[in-house]
Amino acid sequence: MNILAIESSCDETSAAVLENEKVLSNIISSQISHGEFGGVVPELASREHLKNIALITQSSLDESGKRLKDMDIIAATSEPGLIGSLLIGMNFAKTLAFSLNIPFVPVNHIQSHLYSNFLNGQEREFPFLGLIISGGHTLLIVVEDLFQHKIIGYTVDDAAGEAFDKTAKLLGLGYPGGQMIDEHSKSGDRTYHKFPMAVVRGSDFNFSFSGIKTSVLYYLKKIDFENKKTPQLVSDIAASFQEAVAESLFKTVLKASKKFNIKTISVSGGVSANSRIREKFAELETRGFKIYFPEQQYAADNAAMIGITAYLKYQNNNDKEYFRNVSLKHLAGARLDYENF
Ligand code: KG4
Ligand code: ZN
């Protein structure tokens, strides 16, 4: 089965072509124009998507060696995300599906991060614990089987990626900050300062990341960071912050692993690109755990993960007619295919 997939939920315009679970092409255009504003500007994002989406899709088809007429299904992110950005990708995909008379498959973006770990025939084993850490979401779930998820924990305030981005901003490292913190941490001392992580009352598996950003802020004031800053100091604080976040994620997942007796763990989402988080979880392999991460190129937002999720969803749905519903009235984009995670 050939799948064309589109991702446009935030500030990446991406198109991928898959043959079943195998990625033939995955083109990503990251919008850099948001940097000067310190965060994604929704209207700018929509305009960039509109400008790029046809070109990116064409490049993806060219690289895959396939043509539009070879496609069996077309997929796009339908939720969650910036509404204007979603509508552009979804209506582009729906229109193509309508014109080719093939099914359109709407995909939940968070689910797609989870299934990014299934790309290119990566081994899979149920049940597993799924830790999804991105710029907008932080979720811990028990995955019993394909599309059978139970959410056991989530962030009560900022997402993990948000904490990286905000802390990077405090350190003057620019946006998006996760990758910068990761890079600078490599030459830093992670034991330089112990930043406290908030404990969330009322749930064993929830996360909180807004406190650590505030404690970095107070710490910077206390040491007169603006006047004392050196590259080494930036690296040491970045590494200490990163260690606190990694440790908090690690401890919570271990607690869940014990409670549910599950030793297979899948970490995904943009923050799963982080080298220290990868290193910490990988250490568990010597203790009989199985740990899965996406290949680096599939950690942050990309259309390949939308493609595999659409493929699995289509294969696993008895009611295939559900996907054959692209009619004229849907092309206006009045209906978003919302569904519960
Ligand atoms: O999954 P993603 O691309 O978008 C959302 O669905 O939100 O995640 C983006 C987030 C950003 O907050 C970015 O700073 C973070 O992932 N990120 C990282 C790294 N690379 C990207 N965070 C920590 N370490 C990294 N290496
Ligand atoms: Zn994402």
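Read the numbers this way: they start at 1 and go in the same order the structure lists the ligands and their atoms.
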Heteroatom distance test (A300, ligand 1): nitrogen or oxygen, under 3.5 angstrom: no

H113 touching ligand 1 at heavy-atom level, < 4.0 angstrom: yes

Non-hydrogen atom of H109 closer than 4.0 Å to ligand 1: yes

Plane angle bin for F293 and F281 - parallel if under 30°, tilted between 30 and 60°, otherwise perpendicular: perpendicular

Heavy atoms from other residues, nucleotides or ligands near CG of D145 exceed 12 (cutoff 6.0 Å): yes

Proximity to ligand 1 by part of E12, non-hydrogen separation under 4.0 Å: neither

Shortest non-hydrogen separation from S208 to V200 and the atoms involved: CB-CG2, 3.7 Å

Electrostatic pair K280:E247 at N-O distance under 4.0 angstrom: yes

salt_bridge(D182, R276) N-O dist < 4.0 Å: no

Option nearest atom 23 (C) of ligand 1 (shortest heavy-atom distance, choices N274, I133, N302): N274

Parallel, tilted or perpendicular, as decided by the 30° and 60° cut-offs, for the rings of Y192 and Y219: perpendicular

D182 contact mode with ligand 1 (heavy-atom cut-off under 4.0 Å): side chain

Part of H137 with heavy atoms under 4.0 Å of ligand 1, whether side chain, backbone, both or neither: neither

Residue H137, metal the Zn ion (ligand 2), N/O/S under 2.8 Å: no

Three-point angle H109:NE2, the Zn ion (ligand 2), H113:NE2, rounded to the nearest 10°: 100°

side-chain contact (heavy atoms from CB on, under 4.5 Å) assessment of L119 paired with K22: CA-CA 6 Å; L119 279 166; K22 189 166 158 249; over 6 Å; no

Closest approach of any protein heavy atom to atom 11 (C) of ligand 1, naming residue and atom: D165 OD2, 3.6 Å

